[in-house]
Amino acid sequence: MKFKDKVVIITGGVRDIGRAISLKFAGEGAKLIVNYYDNPEDAAVTEKMIKELGADCIMVQGDMTKWEDAQKVVAEGTKKFGSEIHGLVNVVGGLVGRKPIEEQDEAWYQLLMDVNLKSVFLVTKATVGFMKEGASIVNFSSQAGRDGGGPGAAMYATAKGAVMTYTRSLAKEFGPRGIRVNAISPGMINTSFHDRFTKPEVRGIVANSTPLRREGLATEIADLAAYLVSGESSFITGTNIDINGGTYFS
């Protein structure tokens with residue numbers, strides 16, 4: 001129970017990788033503040049699963065690209081669990097869709113930057129004042145931020161690359177306060193994300209091209225997130241850890 005009596009915020013924490021992370025922390029005894037956007041059914045299922053593990057949680061709806069909603073998540077969470085937050089996992093983000101550059105406009109650019117970068121900025125800003133020495137932040141980048149992404153994913157890849165740089169900057173800024181900041185960069189993970197945006201034949205090619213010859217699992221990402229929040233990684237900060245079965249080496 002490495003997170004017993006620890007309070008952790010997980011944004012986008014009710015499906016796929018986010019749900020796996022929520023359940024991992026719940027199983028380790030954390031008190032959870034779980035954010036979701038527009039899927040109350042998924043939130044209800046995740047809440048039930050968390051409570052079946054014996055963990056306490058609060059589910060908070062909100063758009064993490066809005067400052068008021070980011071503040072609301074923190075305010076409702078600290079009202080329930082007290083004024084100290086020990087961990088923050090910024091899962092919110094997404095490809096949204098694939099478009100070649102000629103079809104992109106300013107609204108598309110802004111949407112992708114807001115969902116993937118602005119959300120990290122706003123939630124971190126709202127949370128860090130409640131963190132003390134020993135706290136940890138985990139952001140989510142992507143292999144796309146390393147290699148430029150697939151067809152039509154230029155803005156997504158660019159935003160995820162920016163998350164890597166922002167993570168390094170935060171690590172330098174918060175380090176003297178004893179707060180660590182790292183990022184996870186997943187490759188092909190078996191989730192509904194790729195069910196929506198990646199053709200089955202492409203998934204097969206990518207999986208078979210990895211040294212491990214398979215897609216990753218959401219639970220494997222959750223294990224890494226828990227490690228980075230825990231004291232077991234107490235001298236790790238400013239890193240962007242690739243978890244992709246060996247597809248890409250940084």
Side-chain angles (χ1 to χ4, degrees), residues 10-25 27 36-39 41-43 45-46 49 89-104 108-109 111-113 115-117 119-120 138-164 167 182-228 239-250:
I10 302 169
T11 69
V14 301
R15 64 181 176 86
D16 291 336
I17 290 174
R19 175 181 285 173
I21 292 172
S22 294
L23 297 179
K24 175 66 178 181
F25 279 87
Y36 67 98
Y37 174 43
D38 61 354
N39 40 10
E41 295 83 6
D42 284 343
V45 171
T46 303
M49 295 172 77
V89 186
N90 283 307
V91 184
V92 164
L95 179 62
V96 182
R98 296 186 184 273
K99 289 186 180 184
I101 293 295
E102 294 88 346
E103 295 179 12
Q104 297 177 18
W108 182 257
Y109 166 88
L111 173 62
L112 270 293
M113 290 298 172
V115 169
N116 292 289
L117 180 60
S119 62
V120 176
V138 176
N139 298 325
F140 265 76
S141 183
S142 168
Q143 184 178 321
R146 299 280 198 195
D147 63 18
M155 286 301 102
Y156 171 75
T158 299
K160 289 302 189 181
V163 170
M164 292 184 185
T167 296
N182 294 286
I184 296 174
S185 297
M188 184 74 75
I189 308 300
N190 187 358
T191 66
S192 64
F193 177 97
H194 288 296
D195 293 341
R196 293 177 60 197
F197 296 117
T198 308
K199 295 178 180 179
E201 57 269 28
V202 173
R203 292 177 68 168
I205 292 170
V206 172
N208 288 325
S209 69
T210 69
L212 295 180
R213 299 295 192 269
R214 66 175 177 86
E215 296 181 336
L217 303 176
T219 52
E220 293 171 316
I221 307 299
D223 289 343
L224 178 56
Y227 170 71
L228 289 174
T239 65
N240 291 275
I241 298 180
D242 299 299
I243 179 167
N244 56 41
T247 303
Y248 183 94
F249 298 107
S250 58

(request) Compare all side-chain heavy atoms of V96 with those of W108 and state whether any distance is below 4.5 angstrom. (result) yes
(message) Tell me the closest heavy-atom pair linking P186 and I221, and the distance in Å.
(response) CB-CD1, 4.1 Å
(request) Output the distance between atom CD1 (I184) and atom CG (N244), rounded to the nearest 0.5 Å. (result) 12.5 Å
(request) Could you go through the side-chain contact (heavy atoms from CB on, under 4.5 Å) check for M164 and R146 one step at a time? (result) CA-CA 9 Å; M164 292 184 185; R146 299 280 198 195; 3.5 Å; yes
(message) Using a 3.5 Å distance criterion without hydrogens, assess whether the side chain of N116 forms a donor-acceptor pair with backbone atoms of G94.
(response) yes
(request) Could you check if a side-chain atom of L228 sits within less than 4.5 angstrom of a side-chain atom of I241, using non-hydrogen atoms only? (result) yes
(message) Using every non-hydrogen atom in the two residues, find where Q104 and A154 come nearest and quote the distance to one decimal.
(response) NE2-CB, 4.4 Å
(request) Determine, step by step, whether I21 and F140 satisfy the side-chain contact (heavy atoms from CB on, under 4.5 Å) criterion, reporting the C-alpha distance in whole Å, the side-chain angles of both residues, the deciding distance to 0.1 Å, and the verdict. (result) CA-CA 12 Å; I21 292 172; F140 265 76; 3.6 Å; yes
(request) Kindly give the heavy-atom pair with the smallest separation between G245 and P211, and that separation in Å. (result) O-CD, 3.1 Å
(message) In the structure I gave you, are the side-chain heavy atoms of E215 and T191 within less than 4.5 Å of one another anywhere?
(response) no
(request) Write down the atom of G187, the atom of Q143, and the distance for their closest heavy-atom approach. (result) CA-OE1, 3.4 Å
(message) If we ignore hydrogens and angles and just use 3.5 Å, is the side chain of S185 paired with the main-chain N or O of N240 as donor and acceptor?
(response) no
(request) Please list, chain by chain and in numerical order, all residues satisfying salt bridge (charged side-chain N to carboxylate O under 4.0 Å, His left out) with D223, sequence neighbours excluded. (result) K24
(request) Hey, could you give me the CG/CE distance between L95 and M155, rounded to the nearest 0.5 Å? (result) 12.0 Å
(message) Taking R19's backbone N and O only, do any of them form a donor-acceptor pair with T46's side chain (distance below 3.5 Å, no angle check)?
(response) no
(request) Not counting sequence neighbours, which residues clear side chain to side chain contact (heavy atoms under 4.5 Å, CB included) with L217? List them please. (result) R214, T219, E220
(request) Of all the heavy-atom pairs spanning A157 and G149, show the shortest one and how long it is. (result) CB-N, 3.9 Å
(request) Measure the CG-CD1 distance between L224 and I243 for me, rounded to the nearest 0.5 Å. (result) 5.0 Å
(message) Using a 3.5 Å distance criterion without hydrogens, assess whether the side chain of R213 forms a donor-acceptor pair with backbone atoms of N208.
(response) yes
(message) If I compare all heavy atoms of P151 with all of R98, which pair ends up nearest, and what's the gap?
(response) O-NH1, 3.0 Å
(message) In the structure I gave you, are the side-chain heavy atoms of N39 and R15 within less than 4.5 Å of one another anywhere?
(response) yes
(request) For residues F25 and I10, determine if any side-chain heavy atom of one lies less than 4.5 Å from a side-chain heavy atom of the other. (result) yes
(message) Would the distance check show the side chain of S141 and the main-chain N or O of K160 forming a donor-acceptor pair, the cut-off being under 3.5 Å?
(response) yes
(request) Not counting sequence neighbours, which residues clear side chain to side chain donor-acceptor pair (under 3.5 Å) with N182? List them please. (result) T239
(request) Hey, could you give me the OG1/CG distance between T247 and L212, rounded to the nearest 0.5 Å? (result) 8.5 Å
